[in-house]
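Everything numeric in this text was worked out from a predicted model, so none of it was measured. So that the names make sense, note that chain A is the first sequence line, chain B the second, and so on, each numbered from 1.
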2 protein chains.
Amino acid sequence: MALLGADVRLTPHRREVFEVLQGSTDHPTATDIFTRVKDRSPSISLATVYNCLEHLSSAGLIKQVHLERGQSRYCANLHEHVHFHCETCGKVTDAHPAAGFDPAKFWNLPAGTKITRTELAIHGTCASCATKG
Amino acid sequence: MALLGADVRLTPHRREVFEVLQGSTDHPTATDIFTRVKDRSPSISLATVYNCLEHLSSAGLIKQVHLERGQSRYCANLHEHVHFHCETCGKVTDAHPAAGFDPAKFWNLPAGTKITRTELAIHGTCASCATKG
DNA sequence: TGAACACTTTAGAATCATTCCAATTCTAAT
DNA sequence: ATTAGAATTGGAATGATTCTAAAGTGTTCA
């Protein structure tokens, strides 16, 4: 399977990791994914999960997300989107653009800079936590 | 010293950590800061540097930045800005807005969501690395 | 078919960043 | 000066991730 120039041989483990991530909307961490994949393939090791995530993300099939100190999270949503992180309950949700929009245009980057990707993280309180508080 | 609602007693160590960070434009990590502060105060410990950074950032005097897996970086630039991260040389530079811009307006967040801060990271190749490559 | 080779997977060890802890020192206000 | 609360320390502990060496799984093609 090829995408964005890089190849990944889609071994059973890699496929499972990918499928588990595609079936998750909560931006799981590597250990979350490990736990979920283990239900189907009890023999898989955490090292393999890391390895699979590494290969899948360098092939562009998934994305790594870094929102806070601690564990990386992963995301199989390849559409243009940003991440909303609730500082109260910790949940991370995707938000999609209201209109086609290139954030890079709004910032003065030095001439000659090449952009490969942008990551926008919005931190705050989600509607549900805001109501309770 | 008070700002944004929180207080910090500005002890000598905290002041030094803050000054070192203010004098740095390279978004140093905690150990980078530890090394630099050690030149002036050889007895300071890494735990104290972490402690100072924690207090300074919860008081709103500095910001933590999470761009990639691994160490957190810190930044004393409180003006509205985004971070450009060169994937080739690893340098992180600030970019300031071309025009007043509220990223939150462009994304469909659920009604009732409260935003406390946004962090935009732009990854790519800096002009200097792009020329060499 | 099967020898050779490359890639994948594994468990556990190692590393690295960060946090915790208990003891000590400092500061500010009685 | 005394005392309480906060700051600082070094080292231990934790947690996430990466490394390593060995074993497994194909795949190629003579």
Tell me yes or no: between the side chains of [X] and [Y], is some donor less than 3.5 Å from an acceptor?
{"X": "A:His79", "Y": "A:Asp94", "value": "no"}
{"X": "A:Thr116", "Y": "B:Glu87", "value": "yes"}
{"X": "B:His81", "Y": "B:His96", "value": "no"}

Can you check the [X] [atom1] to [N] [atom2] distance for me, whole Å?
{"X": "B:Gln71", "N": "D:dT17", "atom1": "CD", "atom2": "C1'", "answer": "13 Å"}
{"X": "B:Arg69", "N": "D:dG15", "atom1": "CZ", "atom2": "C1'", "answer": "14 Å"}
{"X": "B:His66", "N": "D:dA16", "atom1": "NE2", "atom2": "P", "answer": "14 Å"}
{"X": "A:Ile33", "N": "D:dT17", "atom1": "CD1", "atom2": "C1'", "answer": "14 Å"}
{"X": "B:His13", "N": "D:dT8", "atom1": "NE2", "atom2": "P", "answer": "5 Å"}
{"X": "B:Glu68", "N": "D:dT18", "atom1": "CD", "atom2": "C1'", "answer": "15 Å"}
{"X": "A:Glu54", "N": "D:dT18", "atom1": "CD", "atom2": "C1'", "answer": "10 Å"}

Check your understanding: What are the residues of residues 44-51 of chain A, sorted by number, that bring a heavy atom to within less than 4.0 Å of DNA chain D?
Key ->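 Those residues are A:Leu46, A:Ala47, A:Tyr50.
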
Point to revise | Contact interval (first through last nucleotide) of DNA chain C with protein chain A, 4.0 Å heavy-atom | key: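 From 5' to 3', the first and last contacting nucleotides are C:dC7 to C:dT19.
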
Review point. Does A:Ser72 make a side-chain N or O approach to OP1 or OP2 of D:dT17 shorter than 4.0 Å?
Key: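 Checking A:Ser72 against D:dT17: at least one side-chain N or O falls below 4.0 Å of OP1 or OP2.
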
Check your understanding: According to a strict under-4.0 Å criterion, is B:Arg14 in side-chain N/O contact with OP1 or OP2 of D:dT8?
Key ->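 It does, given that an N or O in the side chain of B:Arg14 lies less than 4.0 Å from OP1 or OP2 of D:dT8.
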
Could you pull out every donor-acceptor pair under 3.5 Å between side chains of residues 48-56 of chain A and any protein atom, sequence neighbours left out?
residue	atom	partner	partner atom	Å
A:Thr48	OG1	A:Ser45	OG	3.1
A:Asn51	OD1	A:His55	NE2	3.4

Review point. By side chain to side chain contact (heavy atoms under 4.5 Å, CB included), which residues pair with B:Ser57, not counting sequence neighbours?
Key: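 In terms of side chain to side chain contact (heavy atoms under 4.5 Å, CB included), with neighbours along the sequence ignored, B:Ser57 is linked to B:Ile62, B:Gln64.
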
Practice item. Mind checking salt bridge (Lys or Arg N to Asp or Glu O under 4.0 Å) for B:Asp26 and listing every partner two or more places apart, or none if nothing turns up? Key: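 Partners of B:Asp26 under the salt bridge (Lys or Arg N to Asp or Glu O under 4.0 Å) test: B:Arg36.
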
Practice item. Check salt bridge (Lys or Arg N to Asp or Glu O under 4.0 Å) between B:Arg40 and all other residues, then give those that pass, not counting sequence neighbours. Key: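 If we apply the salt bridge (Lys or Arg N to Asp or Glu O under 4.0 Å) test to B:Arg40, skipping adjacent residues, the hits are B:Glu16, B:Glu19.
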
Give [X] one of three labels, base, sugar-phosphate or nothing, depending on what nucleic acid heavy atoms sit under 4.0 Å from its own.
{"X": "B:Thr31", "value": "nothing"}
{"X": "B:Thr29", "value": "nothing"}
{"X": "A:Ser43", "value": "sugar-phosphate"}

Check your understanding: So, the side chain of A:Thr113 versus the backbone of A:Pro110: is there a donor-acceptor pair under 3.5 Å, distance only?
Key ->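 Flag set: sc A:Thr113 to bb A:Pro110 pair under 3.5 Å.
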
Exercise for review: Using the ring pair (Phe, Tyr, Trp, His ring centres under 6.0 Å) rule, take B:His66 and A:His66 through it: C-alpha gap first, then chi angles, then the decisive distance, then the call.
Suggested key: CA-CA 6 Å; B:His66 302 113; A:His66 302 113; 9.0 Å; no

